[in-house]
Amino acid sequence: MSEKKKIYKPKPVSGFPEWLPEYRAVEQRWLDKIRGVFESYGYCSIETPAIEELEVIAAKGEDVDKEIYVLERLQADPDEKKDARLALHFDQTVPLARYVAQHFADLTFPFKRYQMQKVWRGERPQMGRMREFYQCDIDVINVDSLPLHFDAEVAAICYEALEALDIGRVQLRISNRKILMGFLESLNVPDKKTNGETTVKLSDETKAEIIRDIDKLEKIGKKVLLSRLEQTLLVVGELGVNFQTFIEPFLNLAETKIKPGENILELFQNNSEIDSSNEMLREGIEELQFVLDQLAHLPEHAVVADLSIVRGLDYYTGTVYETQLLDVPEFVGSVCSGGRYDDLAGSYINKHLPGVGISIGFTRLFDVLRQAGKIQPGQKSPADVLVVLPSEERRAEAAQTARTLRERGLKVELYHAPQKVGKQISYAEKKGIPYVWFPPFEDGNAHEVKNMATGEQTEATPNDWTMND
RNA sequence: GCGACUGUAGCUCAGCUGGUAGAGCCCUCGGUUGUGAUCCGAGUUGUCGCGGGUUCGAGUCCCGUCAGUCGCCCCA
């Protein structure tokens with residue numbers, strides 16, 4: 001007879017966050033604010049399915065492949081293999097490309113859209129890194145060519161959206177991939193095979209390795225970075241000793257944060273060790289300068305050019321962005337990143353569709369600030385008023401009071417049982433409901449309302465009371 | 001995927017060199033009649049992550065496993 005109820009103890013699944021009501025309330029408010037800023041620039045909303053065909057999602061590059069969640073039925077029918085495999089989307093940029101290609105005929109270009117949905121990545125979770133999270137994307141896609149102004153516009157919009165959240169100072173860091181690509185292309189480094197007698201161009205593989213490492217410049221520093229390059233590349237390599245001395249001048253530039261108004265080309269030309277005549281390099285500098293100067297209206301700290309920003313995703317071809325929270329130094333990751341991609345939809349449609357966009361890593365942003373204690377939790381209930389239930393006999397009257405208040409635009413909860421008044425009040429207190437309404441407990445008595453913050457209680461009528469009374 | 005650390009009540013944790021589990025918070029009730037956040041009193045709560053081993057005996061030691069945290073890779 002003493003058999004115990006079997007309980008399955010719930011455990012949170014790491015990397016799949018969920019919040020208590022008081023934080024969810026803040027999260028909703030933030031999403032509304034971001035949406036408001038996006039729409040104020042005329043960007044429209046779309047939503048794409050949580051899943052895409054694996055073929056579509058995996059189009060990005062090998063590194064992300066291993067992080068893709070695929071979807072299958074528990075009882076997968078072996079004969080069903082002919083069906084396309086499905087996968088949860090990894091980001092919203094690739095689904096956008098597919099969407100644009102698919103609805104090409106019905107869209108108006110330049111197509112400006114925002115999209116706020118969850119995405120999934122199978123990574124090891126840690127501070128600021130989840131396996132399920134919201135991204136707030138804003139992108140512009142056009143046919144044939146896309147004016148460079150948009151590279152500045154999407155950045156400015158995102159900055160404004162972040163500013164609207166009142167989260168302290170944020171800094172956009174912008175670069176242009178063409179600069180680093182052009183620089184690496186221009187190099188003639190000593191050939192190992194000839195013991196440095198002749199020179200050789202960097203292979204794509206080597207370039208990729210260097211790019212990956214330069215991304216870490218701020219984190220690990222120039223010295224460590226150079227010795228790392230030496231270690232990884234000399235071994236692999238076609239490169240002769242001291243090849244790092246060819247990279248170093250660039251790192252010196254990449255270490256500085258360039259403000260709007262500064263002349264980037266001059267910085268290169270003043271550095272005699274860098275050959276700034278490379279065409280791609282020049283183009284990148286010009287573009288970066290343009291975008292940077294277009295953002296000069298933003299506050300002092302808000303935007304810098306930072307040549308160490310290159311971004312991991314392969315599809316970016318020009319402008320790239322990252323964003324730091326300057327007032328949360330314990331977190332160094334980017335909370336808002338993106339870039340320009342010249343032809344992401346090219347594999348779905350026979351049109352040239354360049355785009356540029358940025359994505360706010362919403363859940364990361366929210367959770368990092370929450371953990372840093374910078375988010376004031378909201379109310380546990382959206383209600384403005386709790387109507388006390390005096391007795392079962394007076395339920396109809398109390399319900400009518402609540403209805404009247406609701407009709408006047410207030411959010412009103414009616415207490416569920418005629419319990420002791422003290423209990424009803426403490427319920428309101430716990431849920432953070434700011435006002436408690438007392439309908440008459442006896443015929444002929446007046447309504448009263450209590451302000452929970454001040455403890456003050458006054459007579460009132462449901463038809464004309466307002467929260468400021 | 002690799003490395004380090006952790007895993008005891010709903011939550012935060014204590015439990016010394018092995019002897020059959022404890023504190024605070026939370027929650028419930030009470031301190032008479034219609035008033036919360038303080039105070040006082042009483043009460044409920046545990047496969048000690050899971051499986052195996054050593055032992056007369058394991059929350060405590062050993063092995064395995066799973067999960068979590070942090071770091072690396074990568075990224076929002």
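Chain identifiers are assigned alphabetically (A, B, ...) following the order of the sequence lines, protein sequences preceding nucleic acid strands; residue numbering begins at 1 within each chain.
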Value in whole Å for how far the [atom2] atom of [N] lies from [atom1] of [X]:
X	N	atom1	atom2	value
K219(A)	C75(B)	NZ	P	12 Å
Y321(A)	A76(B)	OH	P	14 Å
D91(A)	C74(B)	CG	P	18 Å
Y316(A)	C75(B)	OH	C1'	10 Å
E67(A)	C73(B)	CD	P	13 Å
L88(A)	A76(B)	CG	C1'	17 Å
L325(A)	A76(B)	CG	P	15 Å
Y315(A)	C75(B)	OH	P	10 Å

Using the side chain to side chain contact (heavy atoms under 4.5 Å, CB included) rule, take V356(A) and Y321(A) through it: C-alpha gap first, then chi angles, then the decisive distance, then the call.
CA-CA 11 Å; V356(A) 63; Y321(A) 320 86; 3.5 Å; yes

[atom1] atom, [N] versus [M]: distance in rounded Å?
N	M	atom1	answer
G59(B)	G53(B)	P	14 Å
A37(B)	C25(B)	C1'	16 Å
G18(B)	C62(B)	C1'	13 Å
G46(B)	G64(B)	C1'	25 Å
C75(B)	G7(B)	C1'	28 Å
C26(B)	C13(B)	C1'	14 Å
U12(B)	C70(B)	P	14 Å
G49(B)	A9(B)	C1'	14 Å

Write down the protein N/O and nucleotide N/O pairs, taken from nucleotides 28-37 of chain B, whose separation is under 3.5 Å; answer none if there are no such pairs.
from   : atom 1 : to      : atom 2 : distance (Å)
C29(B) : OP1    : K423(A) : NZ     : 2.9
C29(B) : OP2    : K423(A) : NZ     : 3.2
U35(B) : O2     : K450(A) : NZ     : 3.3
U35(B) : O2     : Q457(A) : OE1    : 3.2
U35(B) : N3     : Q457(A) : OE1    : 2.8
U35(B) : N3     : Q457(A) : NE2    : 3.1
U35(B) : O4     : Q457(A) : NE2    : 2.7
G36(B) : N1     : M452(A) : O      : 2.7
G36(B) : N2     : M452(A) : O      : 3.1

Would you classify [X] as touching base, sugar-phosphate or nothing, given that sugar-phosphate means primed atoms plus P, OP1 and OP2, and contacts are heavy atoms under 4.0 Å?
X	value
M130(A)	base
G128(A)	base
K431(A)	nothing
Q126(A)	base
K118(A)	nothing

Checking side chain to side chain contact (heavy atoms under 4.5 Å, CB included) for the pair R228(A)/I220(A): CA distance, chi angles, key distance, verdict?
CA-CA 10 Å; R228(A) 235 170 110 136; I220(A) 65 178; 3.9 Å; yes

Can you confirm if the NZ or CZ of R121(A) lies within 45° of the ring axis of F90(A) and under 6.0 Å from the centre of its six-membered ring?
yes

Would R370(A) pass as a cation-pi partner of Y23(A), given that its NZ or CZ must be under 6.0 Å from the six-membered ring centre and within 45 degrees of the axis?
yes

Using atom types as modelled, flag every donor-acceptor pair under 3.5 Å from a side chain in residues 335-343 of chain A to any protein atom, sequence neighbours excluded.
from    : atom 1 : to      : atom 2 : distance (Å)
S337(A) : OG     : S334(A) : OG     : 2.6
R340(A) : NE     : D151(A) : OD1    : 3.1
R340(A) : NE     : D151(A) : OD2    : 3.0
R340(A) : NH1    : L146(A) : O      : 3.4
R340(A) : NH2    : L146(A) : O      : 2.9
R340(A) : NH2    : P147(A) : O      : 3.3
R340(A) : NH2    : D151(A) : OD1    : 2.7
Y341(A) : OH     : D139(A) : OD2    : 2.6
D343(A) : OD1    : G346(A) : N      : 3.4

Any carboxylate oxygen within less than 4.0 angstrom of a Lys/Arg side-chain nitrogen, looking at [X] and [Y]?
X	Y	value
K257(A)	D306(A)	yes
K222(A)	E248(A)	yes
D215(A)	R212(A)	no
E413(A)	R406(A)	no

For a quick check, tell me whether the side chain of R212(A) and the base of C74(B) share a donor-acceptor pair closer than 3.5 Å.
no

Return the polar atom pairs (N/O with N/O) between nucleotides 1-7 of chain B and the protein under 3.5 Å, or none.
none

Would you check if L325(A) and L365(A) make a side-chain contact, meaning some heavy-atom pair closer than 4.5 Å?
yes

A76(B), OP1 or OP2 - any side-chain N/O from R311(A) closer than 4.0 Å?
yes

Would one find a side-chain N or O of S14(A) under 4.0 angstrom from OP1 or OP2 of U69(B)?
yes

State, to 0.1 Å, how close V170(A) and H301(A) come at their nearest heavy-atom pair, and which atoms those are.
O-CD2, 3.3 Å

Strictly below 4.0 Å, heavy-atom distances to any atom of RNA chain B: list the hits from residues 153-173 of chain A, or just say none.
none

Anything under 30° is parallel, anything over 60° is perpendicular, the rest tilted; go ahead and classify H89(A) against W120(A).
tilted

Any idea how F366(A) and W19(A) line up, ring-wise: parallel (<30°), tilted (30 to 60°), or perpendicular (>60°)?
tilted

For the ring pair F38(A) and Y43(A), is the centre-to-centre distance below 6.0 Å?
no

Under the criterion side chain to side chain contact (heavy atoms under 4.5 Å, CB included), which of E27(A), K118(A), Q117(A) is the partner of F362(A)?
E27(A)

Residues two or more places apart in sequence or in another chain: which of them pass ring pair (Phe, Tyr, Trp, His ring centres under 6.0 Å) with Y435(A)?
W465(A)

According to the Watson-Crick and G-U wobble definition with distances under 3.5 Å, which dot-bracket string, read 5' to 3', encodes RNA chain B, using [ ] for crossing pairs and | for pairs with another strand?
(((((((..((((........)))).(((((.......))))).....(((((.......))))))))))))....

